[in-house]
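The structure appears below as structure tokens.
Order of listing sets the numbers, starting from 1, for every ligand and every atom in it.
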Amino acid sequence: MSATPGTQVPTIELNDGHAIPQLGFGVFQIPPDETEQAVLRAFETGYRHIDTAEMYGNERGVGAAIRAYGLDRGDVYVTSKLNNGFHEPDEARRAFEGTLDALGLDYVDLFLIHWPLPTLYGGDFVSTWQTLEEFKADGRARSIGVSNFQVPHLERLAAETETVPAVNQIELHPYFQNREVDAYGGEHGIATEAWAPLAEGRVVRDAALAELAGRYGKSAAQVVLRWHIERGRIVFPKSVTPERVRENFAVFDFELDPADLEMIDELDRGEPGRNGPNPDVFAYVPS
Ligand SMILES: NC(=O)c1ccc[n+]([C@@H]2O[C@H](COP(=O)([O-])OP(=O)(O)OC[C@H]3O[C@@H](n4cnc5c(N)ncnc54)[C@H](OP(=O)(O)O)[C@@H]3O)[C@@H](O)[C@H]2O)c1
């Protein structure tokens, strides 16, 4: 971990040598016509890493905010993800061009397969991954990775393709710590990005976390984000509430004691703690 110049946000070095800011801003469920303002608020706070996706429908707003704020391209880290409907290679190529067009950028920092969809496309996510390898080779994606991949999916990529994903973006929060997938990533140089890092806001209603947070003079959300960061994960909490956007960024002026990190580890409920879909069976394709 090293500090990003000009901000307090540490970076993590990915397996391809590129650095990613460990804290970013997620825009899932932010309506397209509100995204530019939300991302501008994030930039004003200091965030320089934005996580969007084709399926969020708001890449255009992200690009508009980058231009409106006047950021140099090298000063912002942008991730997007392939739409579930476009896994077939030619469709993926067209969709990726659409992403660059909507963002108004000539490259993204990171492009992901959003879901493995093992029950669709004849179970073939390998040719999709090989298509992302093309985007990396031609420089239009600085890094490529996956999202919601389970261990057998990662093992298959390792056996059948050349590139180890730089990241795996998975559901991970105190109640669902996704330990097997996270550990596989740790052993194979795949950085874990934790989606729904605040369990979609549920952590703020947790009495044990509230008690712990009180001892640090912090909020439960801040303590949970700090736990993710100290455990080496990448996070991008989403909020459309200005004070929460600032609160979620103010996590670099304290450290958790080892016993408190372990206390949060112990909140894991295993599979019953999962909130989102199970990637083994998830088969949603936008109409
Ligand atoms: N790869 C995938 O399949 C996948 C799936 C889901 C999410 N993601 C990514 O991960 C990002 C984050 O996940 P998420 O948006 O699902 O969940 P999250 O960040 O864990 O939680 C967001 C929710 O928590 C609330 N919240 C945020 N900060 C808070 C705070 N300090 N105190 C109290 N409540 C707070 C927000 O409310 P307000 O907005 O009303 O303030 C919102 O309802 C997404 O935006 C997206 O980029 C990826």
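- At a 3.5 angstrom cut-off on N or O pairs, Lys81 does not count as close to ligand 1.
- At least one N or O atom of Pro197, backbone or side chain, sits closer than 3.5 Å to an N or O atom of ligand 1.
- Each of the atoms 30 (C), 31 (N) of ligand 1 lies under 4.0 Å from some heavy atom of Ala221.
- Shortest contact from atom 21 (O) of ligand 1 to any protein heavy atom: Glu200 CA, 3.2 Å.
- Ring geometry for His188 versus Tyr184: interplanar angle under 30°, hence parallel rather than tilted (30 to 60°).
- Annotation: atom 36 (C) of ligand 1 to nearest protein heavy atom, Lys238 O, 3.5 Å.
- Annotation: Phe125 is in aromatic contact with His153 [ring centroid separation under 6.0 Å].
- Checking Phe282, Trp195, Phe236 against atom 2 (C) of ligand 1, the nearest heavy atom belongs to Trp195.
- Proximity to Thr241 (heavy-atom distance under 4.0 Å) selects the following atoms of ligand 1: 38 (P), 40 (O), 41 (O).
- Closest to atom 31 (N) of ligand 1, if we only count protein heavy atoms, is Asn248 OD1, 2.9 Å.
- Contact atoms of ligand 1 toward Leu198: 20 (O), 27 (C), 28 (N), 29 (C) (distance under 4.0 Å to a heavy atom of the residue).
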List the steps and the verdict of side-chain hydrogen bond (donor to acceptor under 3.5 Å, both in side chains) for Gln22 and Thr11.
CA-CA 5 Å; Gln22 211 179 347; Thr11 58; over 6 Å; no

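- A donor-acceptor pair shorter than 3.5 Å cannot be found between the side chains of Thr52 and Glu59.
- Only the side chain of Asn148 comes within contact range of ligand 1, with a heavy atom under 4.0 Å; no backbone atom does.
- The nearest protein atom to atom 48 (C) of ligand 1, hydrogens excluded, is given as Gln169 OE1, 3.0 Å; this is a heavy-atom distance.
- Annotation: atom 47 (O) of ligand 1 to nearest protein heavy atom, Asp51 OD2, 2.7 Å.
- Paired with Trp115 under the rule ring pair (Phe, Tyr, Trp, His ring centres under 6.0 Å), one option of Tyr284, Tyr121, Phe282 passes, and it is Phe282.
- In this structure, atom 44 (C) of ligand 1 lies nearest to the protein heavy atom Phe28 CB, 3.4 Å.
- Just one residue in the list Val224, Asp253, Leu256 forms a side-chain contact (heavy atoms from CB on, under 4.5 Å) with Lys218, and that residue is Asp253.
- The atoms of ligand 1 that sit less than 4.0 Å from any heavy atom of Gly201 are 21 (O), 23 (C), 24 (O).
- A salt bridge does not link Arg93 to Glu97: none of the charged nitrogens lies less than 4.0 Å from a carboxylate oxygen.
- There is no side-chain donor-acceptor pair under 3.5 Å between Arg142 and His18.
- A donor-acceptor pair is defined here as one N or O able to donate and one able to accept, closer than 3.5 Å; such a pair exists between the side chain of Glu54 and the backbone of Asn83.
- Atom numbering of ligand 1 starts at 1 in the shown order; those under 4.0 Å from a heavy atom of Ala199 are 20 (O).
- A salt bridge links Arg274 and Glu271; the closest N-O separation between the charged side-chain nitrogens and carboxylate oxygens is under 4.0 Å.
- The main-chain N or O of Phe25 is never found under 3.5 Å from a side-chain atom of Lys238 such that the two would form a donor-acceptor pair.
- Closest protein heavy atom to atom 14 (P) of ligand 1: Ala196 CA, 3.9 Å.
- Within the listing of ligand 1, atoms 32 (N), 33 (C) sit less than 4.0 angstrom from a heavy atom of Val204.
- Contact atoms of ligand 1 toward Pro237: 19 (O) (distance under 4.0 Å to a heavy atom of the residue).
- Those atoms of ligand 1 that come under 4.0 Å of a heavy atom in Trp115, given as number and element, are 3 (O).
- Nearest non-hydrogen protein atom to atom 29 (C) of ligand 1 is Arg244 CD, 3.6 Å.
- Using a cutoff of 4.0 Å between basic side-chain nitrogens and carboxylate oxygens, Asp75 and Arg48 are not scored as salt-bridged.
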